[in-house]
Amino acid sequence: MTQTPDSIIEKSDTRNSSPSRWEVTLRALRHRNFQLFFGGQIVSLTGTWMQSVAQAWLVYSITKSSFLLGAVGFASQIPVFLLAPLGGAAADRVNRHRLIIATQTASMLLAAILAWLTLSHSVQVPHIFILASLLGVVNAFDIPGRQSFLVDMVGKEDLMNAIALNSSIFNGARVVGPAVAGILVAKIGEGWCFALNAISYVAVIVGLLLMNVHCERRVSQNSPLADIVEGFRWVNGTKVIRALLLLIGLVSLVGMPYTVLMPVFADQILHGGARGLGILMGATGVGALLGALTLASKTGVTGLGRWVAVTCAGFGVSIILFSFSRYFWLSVALLLPAGFSMMLQMACSNTLIQTMVPDQLRGRVIALYSMMFMGMAPFGALFGGALAHRVGAPITIAVGGVACIVGAGWFGRQLPELRIEARRLIVAQGMAGGEPVQEMNAQPVEE
């Protein structure tokens, strides 16, 4: 009988030869390049979350408008929806290492400009819109490049773990960044949050420059447009990837506006002010961090499809309950399962997609993932802001939660058919996410 890595770990009697649970969870960190990436991202993403919260509070404090709050979210993310296919094609054609250095440098410059405008007391809402839009353009190239770059740093064997740890960095920063931003905004203003974010990019850029990574430039005989069309056709013809992306798009469209409307809850409903906003966003980040670490401790893809369906439904239930809460600390507690479920769904979907996609299409397929995850969010932010302006933020969030539950039910009904195609694709790529590939022939990936 073939043993899985989990059973080997559990049955071994020799402590020195058996990896601990933490060694399994952090196994991608044995790669020096990923260590540099991990360390730089911890600092940089903390700054990014500080800027995100401070920017939302700045817009709201200037305008007191939930519609404009949603509109800024739309401006910052709509470029990802429109330009991510170009970013994906670039990630499949150019040196991904150099691409990420360029995008991180551009992000640093944009943060510095926003800091200068704010600290000089000359910032206006149009400035925020323009800089948010430019950052969205940068992200359209950065996200596909950065996600595709993971396999270049750690190889296929540790890719699943690297994806989970990358998500844990994002959400660890989501815990610290909003909390720090809430304190700084209340004490010294939004401008210093933007300045610290600009400085934080130095860490990730230095880490990237110190890497010794072999990242080949992929030569294509097709035009960029033909490459983009090829990516769309492959996804459209692959039912399991298409279903995962549609569910991600639904959650981003109707579920994620709860984060955009958080300043409304913090100020008008829960009366927590800027400090309360930081705590609420931090609670979501704590839950999401736990979700990412849950995935990182898993050594195989078995069951991830069912996790996607269950966590999507759990997210919907959590934000519905949050929308009805009028007590600050109860709302904080409800955001823990919301963050856990949302991030676990997205990270599991990302893992499944990356284990099924051929290397030559990785950047383009991840670009479509970016379009659904971040690209649909601006439409949700605009719609959520407009609906909240008419019927209120609580009803808007509750409606989104119901839609997420319906989407989870639809995806769950598709699983028996999808698991067969998923197993075939994973075996074809030789990427069982830590499980012996031959075992994938013997059991469905969702059971």
Side-chain angles (χ1 to χ4, degrees), residues 37 75-107 110 133-156 159 162-163 166 204-205 208 211 213-246 248-249 252 346 349-379 425 428-429 431:
F37 177 83
S76 67
Q77 294 177 317
I78 188 61
V80 177
F81 183 82
L82 297 175
L83 300 176
L86 286 175
D92 282 339
R93 282 172 168 258
V94 304
N95 185 302
R96 293 168 183 163
H97 186 206
R98 295 176 184 174
L99 174 64
I100 300 169
I101 292 173
T103 56
Q104 293 293 298
T105 302
S107 298
L110 291 173
S133 299
L134 291 174
L135 183 60
V137 173
V138 173
N139 284 333
F141 289 84
D142 180 72
I143 297 170
R146 189 150 37 94
Q147 289 288 334
S148 302
F149 187 52
L150 291 175
V151 73
D152 296 320
M153 287 187 287
V154 304
K156 293 182 178 181
L159 177 60
I163 292 170
N166 189 47
V204 70
I205 293 171
L208 289 166
M211 286 184 186
V213 58
H214 181 65
C215 194
E216 292 184 357
R217 181 179 180 273
R218 294 156 179 81
V219 179
S220 175
Q221 303 299 322
N222 301 322
S223 67
L225 179 60
D227 280 348
I228 292 171
V229 170
E230 181 185 11
F232 274 100
R233 284 178 176 170
W234 188 84
V235 168
N236 187 55
T238 310
K239 291 181 181 179
V240 61
I241 300 248
R242 189 172 70 231
L244 286 167
L245 292 179
L246 286 174
I248 292 169
S252 295
M346 298 301 174
S349 299
N350 188 359
T351 299
L352 284 170
I353 290 169
Q354 291 229 42
T355 54
M356 289 186 282
V357 65
D359 283 338
Q360 66 271 21
L361 290 169
R362 189 174 304 278
R364 283 163 284 175
V365 174
I366 290 300
L368 296 181
Y369 169 84
S370 303
M371 288 177 65
M372 293 296 102
F373 185 19
M374 291 193 65
M376 291 301 291
F379 295 102
L425 289 168
Q429 302 311 316
M431 294 176 64

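F379 meets the ring-ring contact (aromatic ring centres under 6.0 Å, His included) test with F74, F81; sequence neighbours excluded. Take F373 and apply the ring-ring contact (aromatic ring centres under 6.0 Å, His included) test, not counting sequence neighbours, and it matches Y369. Residues forming a side chain to side chain contact (heavy atoms under 4.5 Å, CB included) with A243 (at least two apart in sequence, or on another chain): W410, F411, L418.
Under a 3.5 Å cut-off, the side chain of S148 and the backbone N or O of G145 do not form any donor-acceptor pair. The backbone N or O of D142 sits nowhere less than 3.5 Å from a side-chain atom of N139 that would complete a donor-acceptor pair. With hydrogens and angles ignored, the 3.5 Å screen pairs no side-chain donor or acceptor of R242 with any backbone N or O of V235.
When all heavy atoms of V138 and S107 are compared, the pair lying nearest together is CG1-OG, 3.4 Å. Shown here for Q354 and Q147, the closest heavy-atom pair between the two residues is NE2-O, 3.4 Å. Summarising the geometry of V80 relative to A140, their closest heavy-atom pair is CA-CB, 4.0 Å, with the distance given to 0.1 Å. Between A84 and A367, the closest heavy-atom pair is O-CB, 3.1 Å. The two atoms that bring L368 and G231 nearest to each other are CD1-O, 4.0 Å, heavy atoms only. Listed here is the closest heavy atom pair of I366 and P144: CG2-CA, 3.8 Å.
The distance from atom CG of L86 to atom CG of D227, rounded to the nearest 0.5 Å, is 11.0 Å. In this structure, T105 OG1 and I100 CD1 are separated by 11.5 Å, a value rounded to the nearest 0.5 Å. To the nearest 0.5 angstrom, L83 atom CG is 11.5 Å from I143 atom CD1. Remark: L361 CG to M356 CE distance equals 13.5 Å, nearest 0.5 Å. For the atom pair F37 CZ and L150 CG, the distance stands at 5.5 Å (nearest 0.5 Å). Taken from CE in M346 to CD1 in I163, the straight-line distance is 14.5 Å, to the nearest 0.5 Å.
Using a 4.5 Å heavy-atom threshold, the side chains of F149 and M211 count as touching. A heavy-atom distance below 4.5 Å is found between the side chains of R96 and V151. You'll find the side chain of P85 stays beyond 4.5 Å of the side chain of R364, heavy atoms only. Contact check for V240 versus L352: no side-chain heavy atoms found under the 4.5 Å cut-off.
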Taking it one step at a time, do N166 and N350 satisfy side-chain contact (heavy atoms from CB on, under 4.5 Å)? CA-CA 11 Å; N166 189 47; N350 188 359; over 6 Å; no

Evaluate H97 against D152 for side-chain contact (heavy atoms from CB on, under 4.5 Å), listing each step before the verdict. CA-CA 9 Å; H97 186 206; D152 296 320; over 6 Å; no

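Side-chain polar atoms of D92 and Q360 form no donor-acceptor pair below 3.5 angstrom.
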